[in-house]
Amino acid sequence: MSDFILANEPVLRLGAFLGVFTIMALWEMMAPCRPLSQPKLKRWFANLGIVAIDTLAVRLLVPIAAVGVAVIAAERGWGVFNLVDLPLWMELVLAVVIMDFAIYIQHVMFHAVPVLWRLHMVHHADLDYDVTTGARFHPIEILLSVGIKMAVIVLIGAPAAAVVVFEVLLNATAMFNHSNIRLPKALDGVLRLFLVTPDMHRVHHSVVPTETNTNYGFALSLWDRLMGTYRAQPSAGHVGMTIGLNQFRDSARLTLPWMLALPFVGKKGDYPIDRRGDD
């Protein structure tokens, strides 16, 4: 099974992305949670445009993929799982869980450190919340994230198959929990015991700083509950809440050039966890 995953890694990742994206986009059309405030075509052009730039930046500037790092670590005996003898299935599960926790910590860090928050503002400055928001990140943040992920892979000695599974899972859950879909309250309540749901993560995109700095998880909801960063619902409700950041409310700025310049020219506001705002 692991050989099949490795041999078909590009196809699996692309197929999962296109499949989940299509399902979420159609679901948003049929059962939206809240009306969009901005023209979808304009937002999607900018949001998907930055995805294309991110992909190109990684391909050009990162000489080896994350799965390749895992293969090298295994060949050279680097990392915990390459030093202990565990069943492969256990290594796969533990590696995916550990990498998901690392993404949680990384996410908190990008909210806590002002200079990193400037990069992460691009993700939060979207005035609406839908499947494309889940992929809207500044290229520099993406490159830093790739570096952090590779360091974790080497440290724990994650099996290459686990890396592929995690990358597919991360992309799929990011699109799912950023989707503008309406889930029955009972179903949402059951799902969020294990997974981050759209209603759970939407709170994180509120303009209210005390809500923005909650619900950092991407896949497993466990981390927010364990670390005390869980918030069940937004104070204004999911339809009444305002999405985005207080300092960026001009819809004319929903453009690709503005997103690329935002970390360098935009005010960081009162959102970083340190609360030392200098604007």
[atom2] on [Y] to [atom1] on [X], rounded to 0.5 Å:
| X | Y | atom1 | atom2 | value |
| --- | --- | --- | --- | --- |
| Lys42 | Asp128 | NZ | CG | 11.5 Å |
| Asp54 | Leu143 | CG | CG | 8.0 Å |
| His138 | Ile142 | NE2 | CD1 | 10.5 Å |
| Asn177 | Leu191 | CG | CG | 11.5 Å |
| Ile156 | Leu83 | CD1 | CG | 12.5 Å |

So, [X] and [Y]: side-chain donor and acceptor under 3.5 Å apart, yes or no?
| X | Y | result |
| --- | --- | --- |
| His178 | His123 | yes |
| Ser179 | Tyr129 | no |
| His120 | Glu141 | yes |
| His238 | Gln233 | yes |
| Arg231 | Asn215 | no |

Tell me if a side-chain donor or acceptor on [X] pairs with a main-chain N or O of [Y] at a distance below 3.5 Å.
| X | Y | answer |
| --- | --- | --- |
| Arg249 | Leu127 | no |
| Glu211 | Ser235 | yes |
| Tyr271 | Val207 | yes |
| Gln247 | Gly266 | no |
| Thr229 | Thr214 | no |
| Asn82 | Trp78 | yes |
| Arg34 | Asn180 | no |

Among Asn171, Thr132, Leu26, which one satisfies side-chain contact (heavy atoms from CB on, under 4.5 Å) with Phe21? Thr132
Qualifying residue for side-chain contact (heavy atoms from CB on, under 4.5 Å) with Trp223, from Tyr216, Phe101, Tyr230: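 It is Phe101; the other options fail the test.
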With a 6.0 Å cut-off (strictly less than), is the heavy-atom count around CG of Leu193, excluding the residue itself, greater than 12?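 More than 12 within 6.0 Å, yes.
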Assess whether side chain to side chain contact (heavy atoms under 4.5 Å, CB included) is satisfied between Met109 and Ile148, documenting all intermediate values. CA-CA 12 Å; Met109 182 175 69; Ile148 293 170; 3.7 Å; yes
Nearest heavy-atom pair of [X] and [Y]: which atoms, and what distance?
| X | Y | value |
| --- | --- | --- |
| Pro272 | Trp117 | CG-CD1, 3.4 Å |
| Val203 | Met241 | CA-CE, 4.2 Å |
| Ala125 | Arg136 | C-NH2, 3.6 Å |
| Phe81 | Pro159 | CD1-CD, 4.4 Å |

Salt bridge (Lys or Arg N to Asp or Glu O under 4.0 Å) between Arg202 and Asp199, intermediate numbers included: CA-CA 5 Å; Arg202 191 179 294 109; Asp199 279 5; 2.6 Å; yes
According to a 4.5 Å side-chain heavy-atom criterion applied to Ile, Leu, Val, Met, Phe, Trp and Tyr, with indirect links allowed, do Phe137 and Phe45 form part of one hydrophobic cluster? no
In one Ile/Leu/Val/Met/Phe/Trp/Tyr side-chain cluster, 4.5 Å: Val163, Phe218: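 Result: yes, single cluster for both.
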Would you call Arg43 and Asp130 a salt bridge, using N to O less than 4.0 angstrom? yes
Assess whether side chain to side chain contact (heavy atoms under 4.5 Å, CB included) is satisfied between Val115 and Phe110, documenting all intermediate values. CA-CA 8 Å; Val115 67; Phe110 272 82; over 6 Å; no
Derivation of the side chain to side chain contact (heavy atoms under 4.5 Å, CB included) call for Leu88 and Glu91: CA-CA 5 Å; Leu88 179 59; Glu91 289 186 355; 4.2 Å; yes
